[in-house]
Amino acid sequence: MIKVSVVGAKGRMGRHVVDAVNGAPDMQLALTLDAGDDLTQITPDNTDVVVEFTVPSVTLDNVLTLIAQGVDVVVGTTGWTDERLDQVREALAKAPREGQKAFIAPNFAISAVLADYFSTQAAKYFESVEVIELHHPNKVDAPSGTAIHTAQGIAAARKAAGLPAVPDATETDGGSRGQSVDGIQVHAVRLRGLNAHEEVLFGNAGEQLTIRADSFDRGSFMPGVLLAARKLASDAPAGLTVGLANFLDL
Ligand SMILES: NC(=O)C1=CN([C@@H]2O[C@H](COP(=O)(O)OP(=O)(O)OC[C@H]3O[C@@H](n4cnc5c(N)ncnc54)[C@H](O)[C@@H]3O)[C@@H](O)[C@H]2O)C=CC1
Ligand SMILES: O=C(O)C1=N[C@H](C(=O)O)C[C@H](O)C1
């Protein structure tokens with residue numbers, strides 16, 4: 001049995017993770033912690049893998065604490081930058097247990113992971129591209145971690161293909177053109193009734209490709225979370241892995 005602890009267990013995602021672990025035949029729920037709880041209660045004696053879904057402002061500190069505790073960590077919280085990822089890599093290099101692992105994914109839903117992947121494949125064939133993410137109004141960060149990851153992947157693919165900047169004659173902008181992520185415009189919509197959605201618009205003269213992923217329910221993230229926990233408990237490489245695509249046969 002894989003012993004799984006959940007940090008952020010009272011949150012929207014954390015509650016789903018607790019239920020998913022309880023329903024997994026090969027997993028045993030260990031500790032369920034939330035804001036104000038002492039994370040050093042989590043040790044290799046009681047936990048094989050921790051799943052962390054909290055808020056962007058605390059996730060780095062939580063992950064560094066958990067790595068220092070000697071446990072493997074699956075992270076779904078957003079707010080990761082290259083500098084923060086480097087801090088996790090450094091912590092893993094000095095971790096107390098040999099071969100320790102951390103996994104961070106901006107999105108665990110197969111639809112979103114494939115939309116992200118297909119977008120990087122399509123990127124080099126189109127002159128124009130913009131990313132629109134649409135979420136529930138309780139989300140604290142914008143743009144979404146997934147949209148940032150998608151835009152970064154598209155930008156890297158365009159650069160590798162030698163494409164010039166996306167054409168845009170805008171001279172006046174009060175914010176309507178969204179945020180530029182590595183030169184790709186990203187727009188965020190917050191609307192009651194939505195959950196988690198992303199649309200990538202590609203354009204050439206006379207044609208358009210739209211790649212869209214919709215997570216209507218948080219249950220859509222759970223197969224990916226359980227897959228990541230199982231991979232960390234088995235054959236995932238030591239160190240930091242970023243993105244669920246690494247655990248899929250793409
Ligand atoms: N990777 C993915 O597939 C997904 C990622 N997310 C991300 O997961 C994060 C959480 O989202 P939600 O569950 O909707 O948020 P939420 O606000 O419902 O839950 C966050 C939980 O973290 C707790 N928390 C705050 N500070 C803490 C601390 N220092 N230690 C332990 N717990 C603490 C809060 O009390 C709360 O229970 C967000 O960054 C969101 O963008 C959300 C959905 C899917
Ligand atoms: O806050 C959410 O809800 C979500 N957050 C993640 C993100 O920012 O990409 C993943 C998904 O979009 C849901």
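Just so you know, ligand 1 is whichever comes first in the structure, and atom 1 is the first atom listed for that ligand. Reckoned from all heavy atoms, side chains included, excluding hydrogens, waters and symmetry mates. As the structure is a prediction and not an experimental result, all values here were calculated from the model.
- Residue Ala35 holds the heavy atom nearest to atom 32 (N) of ligand 1 of all those in Ser144, Ala35, Ser57.
- Considering backbone and side-chain N/O of Ala105, one or more are found under 3.5 Å from N/O of ligand 1.
- When all heavy atoms are compared, the tightest approach of Ala157 to Ala123 is CB-CB, 3.8 Å.
- The distance from ligand 1 to the heavy atoms of Val7 drops below 4.0 Å at these ligand atoms: 31 (C).
- The shortest N/O to N/O separation between Arg12 and ligand 1 falls below 3.5 Å.
- Every heavy atom of His149 sits 4.0 Å or more from the atoms of ligand 2.
- With a 4.0 Å cut-off on non-hydrogen atoms, Thr146 touches ligand 2 through its backbone as well as its side chain.
- The part of Val58 lying near ligand 1 is the side chain, judged by heavy-atom distances below 4.0 Å.
- For Gly145, a nitrogen or oxygen atom sits less than 3.5 Å from a nitrogen or oxygen atom of ligand 2, counting backbone and side chain alike.
- Within the 4.0 Å heavy-atom criterion, neither part of Met13 lies near ligand 2.
- For the residue pair Thr210/Gln208, the side-chain donor-acceptor check at 3.5 Å is satisfied.
- For ligand 1, none of its N or O atoms has an N or O atom of Pro56 under 3.5 Å away.
- No hydrogens or angles considered: nothing links the side chains of Thr40 and Gln69 as a donor-acceptor pair under 3.5 Å.
- For ligand 1, the polar-atom distance check against Phe221 finds no nitrogen or oxygen pair separated by under 3.5 Å.
- Residue-to-ligand polar distances place Asp34 within reach of ligand 1: an N/O pair is separated by less than 3.5 Å.
- Looking at Thr120, its side chain does come within 3.5 Å of a backbone N or O of Tyr117 through a donor-acceptor pair.
- Side-chain polar atoms of Thr78 and Asp141 form a donor-acceptor pair below 3.5 angstrom.
- Distances below 4.0 Å separate heavy atoms of Asn107 from the following atoms of ligand 1: 1 (N), 2 (C), 3 (O).
- Residue Met13 has at least one heavy-atom neighbour below 4.0 Å for each of these atoms of ligand 1: 13 (O), 42 (C), 43 (C), 44 (C).
- No N or O atom of Gly14 sits closer than 3.5 Å to an N or O atom of ligand 1.
- Atom numbering of ligand 2 starts at 1 in the shown order; those under 4.0 Å from a heavy atom of Asn107 are 10 (C), 11 (C), 12 (O).
- At least one heavy atom of Lys139 sits closer than 4.0 Å to an atom of ligand 1.
- The closest donor-acceptor contact from the side chain of Thr241 to the backbone of Phe103 lies at 3.5 Å or more, if one exists at all.
- Close approach to Asn62 involves these atoms of ligand 1, each under 4.0 Å from a residue heavy atom: 28 (C), 30 (N).
- Counting only N and O atoms by type, the side chains of Glu207 and Asn204 include a donor and acceptor under 3.5 Å apart.
- The nearest protein atom to atom 5 (N) of ligand 2, hydrogens excluded, is given as Lys139 NZ, 3.1 Å; this is a heavy-atom distance.
- Which parts of ligand 1 touch Gly76 is read off a 4.0 Å heavy-atom cut-off, strictly below it: atoms 1 (N), 2 (C), 4 (C), 5 (C), 6 (N), 7 (C), 8 (O).
- The side chain of His136, and not its backbone, has at least one atom closer than 4.0 Å to an atom of ligand 2 (non-hydrogen atoms only; side chain from C-beta on).
- In summary, the side chains of Glu52 and Thr59 do present a donor paired with an acceptor at a separation below 3.5 Å, with no hydrogens or angles considered.
- For atom 10 (C) of ligand 2, the closest non-hydrogen atom of the protein is Pro106 O, 3.3 Å.
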- Message: The test is side-chain hydrogen bond (donor to acceptor under 3.5 Å, both in side chains); show your working for Glu198 and Ser144 and say whether it passes.
- Response: CA-CA 9 Å; Glu198 182 174 285; Ser144 69; 4.5 Å; no

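- Of all the heavy atoms of Asp37, none lies under 4.0 Å from any atom of ligand 1, so neither backbone nor side chain is involved.
- Nearest protein heavy-atom contact of atom 12 (O) of ligand 2 is His135 NE2, 2.6 Å.
- When heavy-atom distances to ligand 1 are checked against a 4.0 Å cut-off, Leu39 has no atom that comes that close, whether in backbone or side chain.
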